[in-house]
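Sequence lines set the chain letters: A, B, ... in the order given, protein chains first and strands last, and positions in each chain run from 1.
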Amino acid sequence: MTLVRRGVLLLALPVLLFAAWWVASAGSTDFYWPSLSSILAAFGRTWTWDRVQADVLPSLGRLLAGYLLAVVVGVALGAVIGSVRWVRALVEPLLEFLRAIPPPVLVPIVILLSGIGDRTKILVIVSGCVWPVLLNTVEGVRGRDEVLSDTCRTYGITGPLRLRHLVLRAASPQIVTGARQALPIAIILMVISEMMAANEGLGFTVVQFQRGFQIPEMWSGVLLLGLVGILLSLLFRAAERGLLGWYHGQRAGRREW
Amino acid sequence: MLEVGNLHKVYDGHGRRVTAVGDLTFTVPEGQFACVVGPSGCGKTTLLRVIAGLLPATAGEVRVRGSRVTAPPAGLAVVFQEYGRSLFPWLRVRDNVELPLKAARMPRARRAALAAEALAAVGLSDVDSAYPWQLSGGMQQRVAIARAIAYQPRVLLMDEPFAAVDAQTRADLEDLIRSVWERLGVTLLFVTHDIDEAVYLGQRVIVLSAAPTTVADDLAIDLPAARDQLTTRADPRFTELRGRIYARIQKAKVPQAEGTPA
């Protein structure tokens, strides 16, 4: 597929929907459904560099901290649970219980325990994001190839070398799948944690606009959140390409000689 | 030197006991090229996995260079049948060959030299930075052989290594493994279901019976040491040995009622 064609396919639907929104909302007098032109005007007015520094960057910082912590914790625990059979048998019921709890429910509890600072919000993000990473890592580690395990045993590949080259790399396609599932959860929990207890941040700002009946500004915040989502998923895809090049290459089919 | 003494292996599970190996005893002297053939399902792979220390024996013992095998012994390398699954798809060819050396804490320069030498020996110097899945099946198995060579084993086990490659590649790989063996002076146990291959390659062929497995026959292959796909296979002695082993295996397919331990 040529670059132009890919670009067209990528942008066609968003452009079309934006155009439809623009036309449908043009000249709107409904207070709650302002025209897109007024939302975009509010966007430029609202998200100045000052505001980005004060509200957007702290949010993104917490988002990344919580997300990365969840990935590290999920992969570490998943590697242990997936490798050791009795540990898996021991913790499986507990995992099923814990992951069934919707993370937003934990927000008031975490606030009680650790206040309303950054730590609480990061903990909330971790509590939701860790599950897809953890469970996918467990499956990935369990499903590694027996012949490859035998190869490691035969050639004395043990310890950290085995962990890196067999356990984690073999599970990396599943780990990446889990991390991808965790990404939107991280954004959602970032916003929710800021809606409930915060004095700055993206979620807080959107709620403030809503309470102050600054409706176009509120919509512009929603738009910004969507853009953050797109940006993060693009970054994720770039990282995935580097990490899983071998996997996609292998799946694309063996080259014939 | 490789000693297998009264080896007995029973798989026990799901309420079913299967005797894979009945009673096996044989010795492969230092530096010998021995082939093991037998009817399919006769426990060849089980035997190999027990010798490699990947599977515990139910009774009896295996000794590699004098010490009893309880875990994968040092100085023993295995080339598996499933080359596609025994190479690390996320490592380049060179890194696949070097990984066991890295595990042995060999200095980087020495590692690189051994890997380059091993890859040259199997004729793959020009693809050392490719990924295994970019190579054909025969080339992947060459990488696995290069990994075994670079490891500098004293004992090399091969489990039907050429069963999954096409006939012409197979002939090339057979000659390659003969020359590798001649150069390294390694003790080589080569498991195959192909009688022609066993006779062509080995100095000796151990014929196994059907499960529960025992040694049905043990022949010295008195063909000239310089083997050639055309002349060796046309040698009347080759045909004679091949015929004898074939007859033994046909007979071995019917398990004897007596003489097998419970």
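- Chain B forms the most heavy-atom pairs under 4.5 Å with one residue out of A:G245, A:G159, A:A170, and that residue is A:A170.
- One N or O on the side chain of B:W90 and one on the backbone of A:H165 form a donor-acceptor pair closer than 3.5 Å.
- Both the backbone and the side chain of B:F88 come within contact range of chain A, judged by heavy atoms closer than 4.5 Å.
- Looking at A:D150, the atoms closer than 4.5 Å to chain B (heavy atoms on both sides) sit in the backbone and in the side chain alike.
- Listed in order of number, the residues of residues 52-72 of chain B that approach chain A to under 4.5 Å between heavy atoms are B:G53, B:L54, B:P72.
- Counting only heavy atoms from C-beta outward, the side chains of B:R147 and A:T151 approach each other to under 4.5 Å.
- With hydrogens and angles ignored, the 3.5 Å screen pairs no side-chain donor or acceptor of A:Y155 with any backbone N or O of B:A104.
- At a 4.5 Å heavy-atom cutoff, the contact between A:L161 and chain B is made by side-chain atoms alone.
- Here the closest non-hydrogen pair linking B:R85 and A:D145 is NE-OD2, 2.8 Å.
- Residue B:L157 holds its CG atom at 8.5 Å from OG1 of A:T154, rounded to the nearest 0.5 Å.
- Heavy atoms of other residues, nucleotides or ligands lying less than 6.0 angstrom from CD of A:Q53 number more than 12.
- B:A103 approaches A:G156 most closely through the heavy-atom pair CB-O, 3.4 Å.
- For B:Q229, the CD atom sits in a packed shell: over 12 heavy atoms of surrounding residues, nucleotides or ligands are nearer than 6.0 Å.
- Residue B:M1 places its CE atom among 12 or fewer non-hydrogen atoms of other residues, nucleotides or ligands, all under 6.0 Å distant.
- Heavy atoms closer than 4.5 Å to chain A are found in both the backbone and the side chain of B:A148.
- With sequence neighbours excluded, the residues satisfying side-chain contact (heavy atoms from CB on, under 4.5 Å) with B:V28 are B:L2, B:F26, B:Q32, B:A34, B:T187, B:L189, B:R204.
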